[in-house]
Each structure stands twice: as C-alpha cells, then as structure tokens.
Amino acid sequence: MADVTLSAEPRTEFGKGAARRIRRENKVPGVLYGHGTDPLHLALPGHDLLLALRTSNVLIELDIEGRPNQLAIPKSVQRDPIKGFLEHIDLLLVKRGEQVQVEIPVVAEGELAPGGNLLEYVLSALPVAAEATAIPDQVTVSVAGLAAGAAVLAKDIPLPEGVTLSVEEDTVVLQVLAAQAEEAAEGEDEGAEA
C-alpha cells in the first residue's frame, strides 16, 4: 500500500467561484471528514494528488498548515467528464489500527479450459474490511482450468491476514461463460443446410 504525503491549505471560501479560482491555481478543492469532527475544507496540490490516486485505496498523510498531520483515504473523487481533471475530492479521516471498508481490485490469472470460454467479472472490486494502514493493492484469483459454468465465490478468494469480507461468502465474483459466437455460427450453418 502506498503512503503519500501531501501539503494542504485550509479553505475559507466556498462555492463555484472559489472552487474555480482554486482549480486555476492547479489545486483541487476537497473536504476531510470523519471521527465526529467538523468537516475541514482543503485545497490540495492537483498534480501530486492525481499521481497519488493512481494507486487504489491510497493512504494519504495530509500536512495541513497550522494543524497536526492527518491520515486519510479517498472516499469520493469527482472528475471532469470530458477532460478528466480532478474537480473535487472527499477524504475520510482514519487512524492507524482502525478497520475501514474499502473495495480491492480483483485480478484473474491463468488460462481457462480450452473451448473459447469467456471470463465475466461479476465484481471487479471486492468489498472488504481492512486495517487502514495495511490495505492490499489487489487480490489475485487463479482461474486456471475453469470450464464453462464454473464460478469463483467470495469465500474462495485468498485474502491477506487481517482482511475480512464485507459481502456474503456465497457472492459470485467471477464466472466462466460458454462462448456464444461459435454456437450462433453453428446454428446458422444448420439453417443453411436445411
């Protein structure tokens, strides 16, 4: 898990105009909340934040002017739908040793059984509870040799120590589907022969 330190400035102006001024300075408006504290409005460095968010569930240490450093994880990120730049971020205040609810990307490895079957990600990210400073980057699942109709359940995924599922154990995460393009082509050939 990545651990990034960002310097942040408290914000005193709010609204669209203030947010636009912050963005023109290559900064991102954000809010830090959690643990029953009042929300703290911040301006974060845009480029450094963008680089930090390349890692899912990144743990960010905020160096806020005039305050002790705070640990936070991204909870909600808003991007411009066309240009993709960051418009706003909500950060959740966490403490070392605290359990947090996050989603970890699921990565499949291995070759499916022969036959042109397709692997479907029912859940591309697995909801789990993990210690805030030890969130895994991803979980890896072996799909080697799985045939059509096979499924990988949440309980079948090996999780690191200290990480627990936040979904039902019988939740389907991955499933193998039979290739339909070949079946359709065979049906057309039979129709042409008749």
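Shown here are the salt bridge (charged side-chain N to carboxylate O under 4.0 Å, His left out) partners of K95, two or more places apart in sequence or in another chain: there are none. In this structure A154 satisfies the side-chain contact (heavy atoms from CB on, under 4.5 Å) test together with L126, L165, V167, T171, V173, sequence neighbours excluded. The side chain to side chain donor-acceptor pair (under 3.5 Å) check on S166 picks up Q101, with sequence neighbours excluded. Take E98 and apply the side chain to side chain donor-acceptor pair (under 3.5 Å) test, not counting sequence neighbours, and it matches H35. In this structure R20 satisfies the salt bridge (charged side-chain N to carboxylate O under 4.0 Å, His left out) test with no other residue, sequence neighbours excluded. Shown here are the side chain to side chain donor-acceptor pair (under 3.5 Å) partners of Q175, two or more places apart in sequence or in another chain: E120. Residues passing the salt bridge (charged side-chain N to carboxylate O under 4.0 Å, His left out) test with D170 are K155, sequence neighbours excluded.
You'll find the side chain of I135 stays beyond 4.5 Å of the side chain of V58, heavy atoms only. You'll find the side chain of V102 reaches within 4.5 Å of the side chain of I73, heavy atoms only. Contact of the V152 side chain with the I157 side chain is registered, since non-hydrogen atoms from C-beta on lie closer than 4.5 Å. No side-chain heavy atom of P39 sits less than 4.5 Å from a side-chain heavy atom of L32. A heavy-atom distance below 4.5 Å is not found between the side chains of L93 and Y33. At least one side-chain heavy atom of L53 sits less than 4.5 Å from a side-chain heavy atom of V77.
In this structure, I60 CD1 and I89 CD1 are separated by 5.5 Å, a value rounded to the nearest 0.5 Å. Atom-to-atom distance recorded for L50:CG and N26:CG is 11.5 Å, nearest 0.5 angstrom. Rounding to the nearest 0.5 angstrom, the gap separating the CZ atom in R11 from the CG atom in L44 is 9.0 Å. Here CG of D137 is found 9.0 Å from CD1 of I104. Values are rounded to the nearest 0.5 Å. Here L91 contributes atom CG and L71 contributes atom CG; the two are 11.5 Å apart, rounded to the nearest 0.5 Å. Here the CG atom belonging to L177 is positioned 8.5 Å from the CG atom belonging to N117, to the nearest 0.5 angstrom.
Counting only residues at least two apart or on different chains, the salt bridge (charged side-chain N to carboxylate O under 4.0 Å, His left out) pairs with a member in residues 24-51 are E9-K27. Identified under the side chain to side chain donor-acceptor pair (under 3.5 Å) test for residues 66-83, with sequence neighbours left out: E61-N69. Applying the ring pair (Phe, Tyr, Trp, His ring centres under 6.0 Å) test to every pair with at least one member in residues 37-72, sequence neighbours left out, gives these pairs: F14-H41. The ring pair (Phe, Tyr, Trp, His ring centres under 6.0 Å) pairs that include a residue from residues 94-131 number zero, where partners must be two or more places apart or lie in different chains.
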Derivation of the side chain to side chain contact (heavy atoms under 4.5 Å, CB included) call for V107 and V141 = CA-CA 6 Å; V107 177; V141 181; over 6 Å; no
Show your reasoning for whether side chain to side chain contact (heavy atoms under 4.5 Å, CB included) applies to V31 and H88.
-> CA-CA 8 Å; V31 178; H88 189 272; 3.8 Å; yes
Carefully, step by step, assess L6 and L49 under the rule side chain to side chain contact (heavy atoms under 4.5 Å, CB included).
-> CA-CA 7 Å; L6 296 177; L49 181 59; 3.8 Å; yes
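The two atoms that bring A108 and L174 nearest to each other are CB-CD1, 4.2 Å, heavy atoms only. Of all the heavy atoms in E131 and R96, the pair that sits closest is OE2-C, 3.7 Å. The two residues A129 and Q99 make their nearest non-hydrogen contact at C-OE1, 3.5 Å. Of all the heavy atoms in L86 and G46, the pair that sits closest is CD1-O, 4.3 Å. Across all their heavy atoms, P10 and I64 have their closest contact at CG-CG2, 4.0 Å. Residues G34 and L92 share a closest heavy-atom pair of CA-CD1, 4.2 Å.
Side-chain atoms of R23 do not come within 3.5 Å of backbone N or O of P29 as any donor-acceptor pair.
Other residues, nucleotides and ligands contribute more than 12 heavy atoms inside 6.0 Å of the CD atom of E109.
Hydrophobic cluster of L153: the remaining members, joined at side-chain heavy-atom separations below 4.5 Å, are V122, V172, listed by chain and number.
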